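All values reported here derive from a predicted model rather than from experimental measurement. Convention: sequence-line order gives letters A, B, ...; per-chain numbering from 1.
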There are 2 protein chains.
Amino acid sequence: MKGDILEREIHEQPQVLKNLIENESSHVEHVAQEIRGGFDYVIIAARGTSDNAARYAQYLLGAHNQIPVALATPSLFTLYRKPPLLKSALVMGISQSGQSPDIVSVVEEAKRQGQPTLAITNDPESPLGSNADHVIQLHTGREKSVAATKTYTASLCALALLSAHLNSNDEALAQLKELPMRMGEVIERTSTLLPRVERYRYMEHCTVIGRGFNYATAFEISLKITELTQTVAEPYSSADFLHGPIAMVTKGFPVIVISPRGSVLEDMRALVVRLGELNPELIMISDEPDLLGQANLSFPLPSGLPEWLTPMVSVVPGQLFSLALARDRGLDPDQPEGLTKVTETW
Amino acid sequence: MKGDILEREIHEQPQVLKNLIENESSHVEHVAQEIRGGFDYVIIAARGTSDNAARYAQYLLGAHNQIPVALATPSLFTLYRKPPLLKSALVMGISQSGQSPDIVSVVEEAKRQGQPTLAITNDPESPLGSNADHVIQLHTGREKSVAATKTYTASLCALALLSAHLNSNDEALAQLKELPMRMGEVIERTSTLLPRVERYRYMEHCTVIGRGFNYATAFEISLKITELTQTVAEPYSSADFLHGPIAMVTKGFPVIVISPRGSVLEDMRALVVRLGELNPELIMISDEPDLLGQANLSFPLPSGLPEWLTPMVSVVPGQLFSLALARDRGLDPDQPEGLTKVTETW
């Protein structure tokens, strides 16, 4: 069936994360020791799905490690040839293939300026991997689908390992080890709900809202929907959404809300109340029963998961939703039109 | 007529920028002297339209001043109450009203940590203005429309003044002084083309693509279209667009491309060739005749303007397009449904 490869890769994710934690944790501990104290902030260069992993790093390294994170603007390094002075920065590149020239050139420039560098990639021998001082390897095996799934959650998991080891936080590491099992539960539970996705057969656009740790999830689910189903999907933080875009919500407008319990829950709940007056079509990804109960389609998350780990499970309903919708529309989820696995941009 | 207030504010922009340059330039020169050398990078806190001004700052301060710029993640300071350590950073807040609590709390935290702070606002007496070490005032007069136009271009102009004074670059300042006149030409020229906008009466979504200095323009035009016309508009850099979202472009899909001459032109030209194979509906904002000639609707920019100043004129066709489309749809451009002028988010 069309989409079998993508479906298999989505289902592989719990095992991929388990492998990554088992194989890479002690190396990440070593990397954390090497880089600790050597920078005041982090700059991350990444594109597409990897850029969404970088958004997770902004919140994770910020909230848990008190490290400010900037997203690089690669065109300053390539098209404008006017790289900023990177003093005080650790420069990270995230790219599953390690091939995109613009990402490589940011890390090369950091090296030229004598700043510490770190790559997160599936391929340590790639231009990105071979240029960086330190490499965290994703160990996902080859990703055959054009749309990234297991390399995305593996990138988040690599960042989670790094954050925990930078703090020498054994409790966080223990929580992380539980994650693959919970992820398996989400895949199983979501799969039973997929027949409902045909409701969105003729949806032309939607918005996806998350905040804090799950701001990244809003971007990644939007990207999966856009790539796989040719639907215009736009991601927002709940705060930015209220500063203008809420004006586009009319009756029946599809809004996907990611709202796990934790620091952002009250904020998301207030948004749902505000949205309620506009009668949108609500799709909810949450572990909070009363929010799930208000939606037209609900994807429950396992309860009790710490908020910082939820992005690795809350993206899964978005992956499976996109796969199911692509199939309902007769599109090929393994090979979306016009895309290639490795995109080289400058 | 509905939208008269917004229309007047759009037309005021050349005079607003002229005032700002005349009234604020010597103060900005003083601010530049005070802050110069006191930081390794900049963190900017902003929401909505002001966040798009922050995107301009990323490229402008990067390319012209070699200063890396990070966009703050306000929820770390508010919802998570885990502010990052801001060592080596200058912290800027951009907000026309100076009221949004999340933006104020980022600047307050920077002050608490002993870091230098700068506010760009219309109201120096606002919580944002009164908390910052330095204030650059926008001098736009009251903005009555909910959708920001003159405060956006004034924020860009304030950043342009700051960048030029940080470099003591008299040539850049002289170029900037020419800008209000060229902006007047764009308003006039664009206005004659607005009857063509009714072609988009039934457009349900679109994408807006820019890169480098005009990455900000893509975001700001998207926001104006979304706020004013209830169309789902999604901004992308040409590089990110090729890493996935191009999959959504089918025949007739509306794509707005911002491509002034300069460092990004060849990149945008390559995108237009690639898009051409997909037969989209192309709306072009450019000073390059051959690109303008390929579009279904073209908004010409004055030629000879240096690329770093183009964002202040290339956004104007997007503002006027959104106003005209809102009128064609019978919406009220002065007061979009569900929005208020000052949005307080945490």
>> At a heavy-atom distance under 4.5 Å, which candidate from B:Thr49, B:Leu76, B:Asn65, B:Thr78 has the highest pair count against chain A?
In response: B:Leu76
> Is it the side chain or the backbone of A:Pro83 that comes within 4.5 Å of chain B heavy atoms, both, or neither?
Replying inline: backbone
> Relative to chain A, which segment of B:Ile43 carries a heavy atom at a distance below 4.5 Å: side chain, backbone, both, or neither?
Replying inline: side chain
> For B:Leu242, is it the side chain, the backbone, both, or neither that has a heavy atom closer than 4.5 Å to a heavy atom of chain A?
Replying inline: both
> Highest number of heavy-atom pairs under 4.5 Å with chain A: which of B:Ala72, B:Pro68, B:Ala70, B:Gly212?
Replying inline: B:Pro68
> Checking heavy atoms, do the side chain of A:Leu278, its backbone, both or neither come under 4.5 Å from chain B?
Replying inline: neither
>> Is A:Asp240 in contact with chain B via its backbone, its side chain, both, or neither, using a 4.5 Å heavy-atom distance?
In response: both
> Is there side-chain contact between A:Ser75 and B:Val264, with at least one heavy-atom pair below 4.5 Å?
Replying inline: no
>> Can you tell me which portion of A:Phe253 sits under 4.5 Å from chain B's heavy atoms? Options are side chain, backbone, both or neither.
In response: side chain
>> Using heavy-atom distances under 4.5 Å, tell me whether B:Leu71 contacts chain A through its side chain, its backbone, both, or neither.
In response: backbone
> Measuring heavy-atom distances to chain B, does A:Thr229 have an atom under 4.5 Å in its side chain, in its backbone, in both, or in neither?
Replying inline: neither
> Can you tell me how far OG1 of A:Thr226 sits from OH of B:Tyr236, rounded to the nearest 0.5 angstrom?
Replying inline: 4.5 Å
>> Can you tell me how far apart NZ (A:Lys87) and CG (B:Asp40) are? Round to the nearest 0.5 Å.
In response: 4.0 Å
> Quick one: what part of B:Thr207 sits under 4.5 Å from any heavy atom of chain A, side chain, backbone, both or neither?
Replying inline: neither
> For B:Ser238, is it the side chain, the backbone, both, or neither that has a heavy atom closer than 4.5 Å to a heavy atom of chain A?
Replying inline: neither
>> Which atoms of B:Glu277 are under 4.5 Å from chain A, going by heavy atoms: the side chain, the backbone, both sets, or neither?
In response: neither
> Between the main-chain N or O of B:Val249 and the side-chain N or O of A:Gln230, is there a donor-acceptor pair closer than 3.5 Å?
Replying inline: no
> Tell me, do B:Thr231 and A:Met248 make a side-chain contact under 4.5 Å, heavy atoms counted?
Replying inline: no
> With under 30° as parallel and over 60° as perpendicular, where do the rings of A:Tyr80 and B:Tyr59 fit, or are they tilted in between?
Replying inline: tilted
> Closest heavy-atom contact between B:Gly244 and A:Leu223?
Replying inline: CA-CD1, 4.4 Å
>> What part of B:Arg81 gets within 4.5 angstrom of chain A, counting heavy atoms only: side chain, backbone, both, or neither?
In response: neither
> Do you know which of B:Ser88, B:Ala270, B:Pro74 has the most heavy-atom pairs under 4.5 Å to chain A?
Replying inline: B:Ser88
> With only heavy atoms counted, which part of A:Ile67 is less than 4.5 Å from chain B, the side chain, the backbone, both or neither?
Replying inline: backbone
> How long is the gap from CD on B:Glu227 to CD1 on A:Ile246, to the nearest 0.5 Å?
Replying inline: 12.0 Å
> Roughly how far apart are B:Arg47 CZ and A:Ser237 OG, rounded to 0.5 Å?
Replying inline: 4.5 Å
> What part of B:Ala233 gets closer than 4.5 Å to chain A, counting heavy atoms only: side chain, backbone, both or neither?
Replying inline: backbone
>> Does any part of the side chain of A:Leu79, heavy atoms only, come nearer than 4.5 Å to the side chain of B:Asp267, both counted from C-beta?
In response: yes
> With chain A, which of B:Pro336, B:Gly62, B:Ala147 has the greatest number of heavy-atom pairs at distances under 4.5 Å?
Replying inline: B:Gly62
>> Under 4.5 Å from any heavy atom of chain B, what part of A:Glu266 do you find: side chain, backbone, both or neither?
In response: neither
> Below 4.5 Å, heavy atoms only, C-beta onward: do A:Pro84 and B:Tyr41 meet side chain to side chain?
Replying inline: no
